[in-house]
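These numbers come from a predicted model, not from an experiment.
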Amino acid sequence: MALRATIFKSVLSVSDLDRHYYAEHALTLARHPSETDERMMVRVLAFALFADERLEFGRGLSSEDEPALWLRDYGGEIRLWIEVGLPDERVLRKASGRAERVVLLAYGGRAAEVWWQNQRAALARLDNLTVLAVPQEASRGLAAMAERGMQLQVTVQDGELWFSSADSAVQVSFERLKD
């Protein structure tokens, strides 16, 4: 029998001082059985960083034709394609051809560093790709915040994020690997 996704709900209050965006989002996240809390929370991190009323989660790990998150305009054109993790270069190349802008939030500590060294040359050709490295202590701190029902506040200022919940807080400063 196939395992079902676990549903997580979050109220995410975003105060983005960089973009002057202030909103509260009721998020429903389906965590695939093979997805970790760390990956799921990096998806929440990506949502907070690019929060918009039209930003939505893709169908997840089981769908190769959709990103972790995307922003489509009213005509259906993909304005922003967001991936998380350490995808194959061909996935990012395909996304680059379909979307106006592609962002990757790479995480995983040493594995992310090795991945970047192996992919750097191939990804340099993709002009609309941005790669941000999430520090391992930040992604693990976010994973520790994962609960089936979450109340999260996030402040974005100068490209840094401060996540907080009732009993913990995590600061996220990205390393820009590619702009």
Side-chain angles (χ1 to χ4, degrees), residues 2-3 5-6 8 16 18-19 27 29-52 54-73 75-143 146 154 156 158-161 163 170-179:
L3 297 174
T6 303
F8 288 73
D16 189 330
D18 293 345
R19 296 185 300 142
L27 305 178
L29 297 121
R31 191 185 75 198
H32 190 274
S34 65
E35 184 177 33
T36 64
D37 284 344
E38 185 175 22
R39 184 180 190 284
M40 180 187 71
M41 293 303 287
V42 171
R43 288 192 297 137
V44 173
L45 167 66
F47 190 97
L49 184 60
F50 297 99
D52 186 279
R54 300 195 52 80
L55 185 63
E56 57 187 296
F57 292 99
R59 287 185 291 189
L61 293 172
S62 59
S63 174
E64 290 185 18
D65 289 342
E66 289 187 10
L69 296 103
W70 55 2
L71 179 78
R72 293 179 284 188
D73 66 17
E77 296 295 317
I78 303 169
R79 297 292 174 214
L80 178 62
W81 181 295
I82 303 170
E83 288 290 348
V84 300
L86 308 174
D88 188 77
E89 176 263 338
R90 69 176 176 74
V91 171
L92 296 173
R93 190 175 59 242
K94 183 177 176 182
S96 183
R98 292 182 61 194
E100 185 176 300
R101 182 174 174 213
V102 178
V103 176
L104 169 65
L105 272 63
Y107 70 94
R110 179 73 182 130
E113 293 171 19
V114 170
W115 174 88
W116 177 243
Q117 293 307 316
N118 292 331
Q119 301 294 322
R120 176 186 292 193
L123 297 178
R125 296 182 300 237
L126 304 178
D127 293 333
N128 61 343
L129 173 66
T130 300
V131 180
L132 304 173
V134 180
Q136 190 167 31
E137 56 276 1
S139 62
R140 286 184 176 168
L142 289 171
V154 63
V156 181
D158 298 328
E160 294 188 12
L161 287 85
F163 268 84
V170 174
Q171 180 180 352
V172 182
S173 299
F174 300 102
E175 178 184 354
R176 289 190 166 278
L177 300 177
K178 182 183 181 314
D179 274 321

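Classification of R31 and E35 as a salt-bridged pair fails, no side-chain N sitting under 4.0 Å from a carboxylate O. A salt bridge links R110 to E113: one of the charged nitrogens lies within less than 4.0 Å of a carboxylate oxygen.
Residues L69 and F50 form no side-chain contact, since every pair of their non-hydrogen atoms from C-beta on lies 4.5 Å or further apart. The closest side-chain heavy-atom distance from L80 to W70 is not below 4.5 Å. Side-chain contact between D158 and D18 is present, with at least one heavy-atom pair separated by less than 4.5 Å. Using a 4.5 Å heavy-atom cutoff, the side chains of L132 and L177 are not in contact. Between V134 and S139, the closest side-chain pair of non-hydrogen atoms falls below 4.5 Å. Inter-residue side-chain proximity for F8 and L27 is flagged as unmet; no heavy-atom pair is nearer than 4.5 Å. Within the 4.5 Å cutoff, no side-chain heavy atoms of I82 are placed close to those of F47. Within the 4.5 Å cutoff, the side chain of P67 has no heavy atoms near those of the F57 side chain.
Proximity of a side-chain donor or acceptor of K178 to a complementary backbone N or O of L126 within less than 3.5 Å is detected. No donor-acceptor pair closer than 3.5 Å links the side chain of D73 to the backbone N or O of R79.
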#### Entry: side-chain contact (heavy atoms from CB on, under 4.5 Å) between E56 and R72, intermediate numbers included
CA-CA 9 Å; E56 57 187 296; R72 293 179 284 188; 3.0 Å; yes
### Task
Test salt bridge (Lys or Arg N to Asp or Glu O under 4.0 Å) on R54 and D52 and set out the steps.
CA-CA 5 Å; R54 300 195 52 80; D52 186 279; 5.8 Å; no
### Task
Please test E100 against E77 for side-chain contact (heavy atoms from CB on, under 4.5 Å), starting from the C-alpha separation and ending with a verdict.
CA-CA 8 Å; E100 185 176 300; E77 296 295 317; over 6 Å; no
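Between G159 and F174, the closest heavy-atom pair is O-CD1, 3.7 Å. Scanning all heavy atoms of the two residues, the minimum distance from L104 to G85 falls at CD1-O, 3.5 Å. Here the closest non-hydrogen pair linking Q136 and G109 is OE1-CA, 3.7 Å. The two residues A5 and A30 have their closest heavy-atom pair at CB-CB, 4.1 Å. Taking every heavy atom of both residues into account, L123 and W116 meet most closely at CD1-CZ3, 3.9 Å. Residues A48 and L161 approach most closely at CB-CD2, 4.1 Å, considering heavy atoms.
If you check the side chains of T130 and D179, you find no donor sitting under 3.5 Å from an acceptor. In the model, W81 has a side-chain atom that pairs as donor or acceptor with a side-chain atom of E83 under 3.5 Å.
Note that CZ of R59 is 4.0 Å distant from CD of E66, once rounded to the nearest 0.5 Å. Taken to the nearest 0.5 Å, the CG atom of L49 stands 6.5 Å off from the CG atom of L105. To the nearest 0.5 Å, atom CG of residue L29 and atom CE of residue M40 are 6.0 Å apart. Rounding to the nearest 0.5 angstrom, the gap separating the CD atom in E38 from the CG atom in L142 is 8.5 Å. Rounding to the nearest 0.5 Å places OH of Y107 at 12.0 Å from CE of M41. Distance check, rounded to the nearest 0.5 Å: OG of S96 to CG of N128 gives 3.0 Å.
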